[in-house]
There are 2 protein chains.
Amino acid sequence: MRKIAFRFGLLAIALMLLVELSKYSITTHSFTNEILAVAIASMFIGFGVLIGKLLNRQSTDEQIILNETKAQELEFSTRESEVFLEIVKGKSNKEIGESLFISESTVKTHVSNILSKLDAKRRTEAIKKAQAVGLI
Amino acid sequence: MRKIAFRFGLLAIALMLLVELSKYSITTHSFTNEILAVAIASMFIGFGVLIGKLLNRQSTDEQIILNETKAQELEFSTRESEVFLEIVKGKSNKEIGESLFISESTVKTHVSNILSKLDAKRRTEAIKKAQAVGLI
DNA sequence: TGCAGTATGGTACTTTAGTATGAGTGTTTT
DNA sequence: AAAACACTCATACTAAAGTACCATACTGCA
C-alpha cells in the first residue's frame with residue numbers, strides 16, 4: 001500500500017517536471033512536441049496502471065464476489081454459488097452448514113455438484129479452476 | 001479477453017475523436033485547452049488501467065510465484081514454499097509427492113508445518129490467508 | 001396435473017487430509 | 001564435536017472430504 005502511494009508520488013513529480021519542460025521547450029525548441037506528448041501520455045498510462053491496482057486490491061482483500069455471468073455459464077444454482085463462496089473463504093463443510101443454516105449433508109451435496117461442474121476432484125482444485133476462468 | 005480488447009478499441013476511438021476535436025477547437029475556440037487536456041489524459045489513464053489488467057492476468061493464469069519476502073517473514077523453508085505452491089495449484093498430497101519426488105508422508109509433514117505457520121486449519125484456509133497477506 | 005429444477009437431508013462408504021510422534025540423514029553454525 | 005536446522009519417511013490415529021443413492025418438499029412451467 002505504501003509502495004503504491006510512493007509510486008504515485010514519483011509519477012506526479014515526473015509529470016510536473018515534464019510539464020515544466022514542455023513550457024521551456026516551447027521557447028527553446030530543444031524537444032519536439034511529439035516526444036513530450038508521448039512522455040506525458042506515458043505518465044498518465046502509469047497512473048492508470050496504479051489506479052487499476054488499487055481497484056483490484058479492494059476486491060481481493062475485502063469481500064469475494066462471484067462473477068454472475070460466469071456462474072450462469074457454469075450453470076451454478078444460487079445455493080451452489082453461496083456454498084462456493086464459503087469454500088473460497090477456506091471454511092469446512094461443517095462451518096459452511098452453520099453459516100448457511102443447513103446440514104453438513106446438504107453442504108456435501110452442493111459441494112459434490114460444484115466439483116463436477118468445475119471438473120475438479122478437490123475443493124482446492126475448484127478454487128484454482130474458478131480463478132482460471134474468472135469466476136472469482 | 002475479448003472484452004478487454006473491445007475496451008481498448010473504444011478508448012482508441014475516443015482518443016482519436018478528442019484529438020480531432022482539439023485540432024478543430026484551436027481554430028474555433030469552442031473548448032478550452034484545459035478541458036481537452038483533461039479528457040485526453042483520462043483516456044491515457046484508461047489505457048493504463050487496461051494494461052494493468054492484462055499484466056495481472058498473465059501472473060494469475062500462467063505461473064504462480066510466492067512473494068519471497070513474505071515467505072521469509074513467515075519462516076517458510078525452501079521445501080515448504082515448493083509444497084505450498086503445489087497446494088495452491090489444487091494438487092492432492094499424493095500428487096505433490098509425485099511432482100517433488102518425495103513420499104506422501106513427507107508431504108504431510110510439510111503441509112502440517114505450513115498450516116501452523118499460516119495459522120490455518122485447512123489448506124483452503126491457508127490459500128485464503130496467503131492471499132490476504134500477499135504471499136501469493 | 002405432471003414434469004423439471006432446486007434445495008434439503010439422511011445413510012453408508014471410500015478416500016484425503018491432518019496430527020502426533022519418533023527417527024535417520026545431511027548441512028551449517030557455534 | 002555438538003547443537004541446530006532442514007529434509008526425509010514411517011506408523012497410527014482422528015477428522016474431514018467426497019461419492020453414491022435415495023427420499024421429501026417446494027416452485028415454476030408446459
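Naming: A, B, ... by sequence-line order, numbering from 1 per chain.
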Q: Please answer: with hydrophobic residues joined when any side-chain heavy atoms are less than 4.5 Å apart, are B/V133 and B/L85 in the same cluster?
A: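 Yes.
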
Q: Measure the distance from NZ on A/K121 to C1' on C/dT16 and round it to the nearest whole Å.
A: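 It is 13 Å, rounded to the nearest whole Å.
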
Q) Hey, can you pull the residues of residues 104-119 of chain B with a non-hydrogen atom under 4.0 angstrom from DNA chain D? A)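 Output list: B/S105, B/T106, B/T109, B/H110.
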
What are the two closest non-hydrogen atoms of [X] and [Y], and how far apart are they?
| X | Y | answer |
| --- | --- | --- |
| B/T124 | A/R123 | CG2-CG, 3.7 Å |
| A/I45 | B/F47 | CG1-CB, 4.1 Å |
| A/A71 | A/L135 | N-CD1, 3.6 Å |
| A/E125 | A/K121 | OE1-N, 2.8 Å |

Of all residues at least two apart in sequence or in a different chain, which pass the side chain to side chain contact (heavy atoms under 4.5 Å, CB included) check with [X]?
| X | result |
| --- | --- |
| B/S103 | B/S105, B/T106 |
| A/S77 | A/R79, A/E80 |
| B/L115 | B/V111, B/A120, B/A126 |

Q: Under 4.5 Å between side-chain heavy atoms, chaining through other members, with only Ile, Leu, Val, Met, Phe, Trp and Tyr counted: pull out the rest of the cluster around A/I13, sorted by chain and number.
A: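 Members besides A/I13, by chain and number: A/L17.
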
Q) Heavy-atom contacts under 4.0 Å between residues 75-83 of chain B and DNA chain C, which residues? A)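 Nothing qualifies; none.
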
Q) Hey, can you pull the residues of residues 92-103 of chain A with a non-hydrogen atom under 4.0 angstrom from DNA chain C? A)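 Hits under 4.0 Å, by residue number: A/I102, A/S103.
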
**Q.** Partner set under salt bridge (Lys or Arg N to Asp or Glu O under 4.0 Å) for A/E95, not counting sequence neighbours
**A.**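 Partners of A/E95 by the salt bridge (Lys or Arg N to Asp or Glu O under 4.0 Å) criterion, ordered by chain and then number, come out as B/R122.
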
**Q.** Those residues that, when tested against B/K89, pass side chain to side chain donor-acceptor pair (under 3.5 Å) (two or more places apart)
**A.**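 With sequence neighbours excluded, B/K89 shows a side chain to side chain donor-acceptor pair (under 3.5 Å) to B/E86, given in chain and number order.
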
Q. Excluding sequence neighbours, so at least two apart, what forms side chain to side chain donor-acceptor pair (under 3.5 Å) with A/S116?
A.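 If we apply the side chain to side chain donor-acceptor pair (under 3.5 Å) test to A/S116, skipping adjacent residues, there are no hits.
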
Q. Earliest and latest nucleotide of DNA chain D, 5' to 3', sitting under 4.0 Å from a non-hydrogen atom of chain A?
A.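 Contacts span D/dA17 to D/dT19, reading 5' to 3'.
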
Q | Angle between terminal axes - the helix from C/dT1-D/dA30 to C/dT30-D/dA1, 5 pairs each end, rounded to 10° | A |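 Between the axes fitted at each end of the helix from C/dT1-D/dA30 to C/dT30-D/dA1 lies an angle of 40°.
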
Q.
What I want to check is whether the side chains of A/K91 and A/S99 have a donor and an acceptor closer together than 3.5 Å.
A.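 Note: A/K91 and A/S99 side chains meet the donor-acceptor criterion.
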
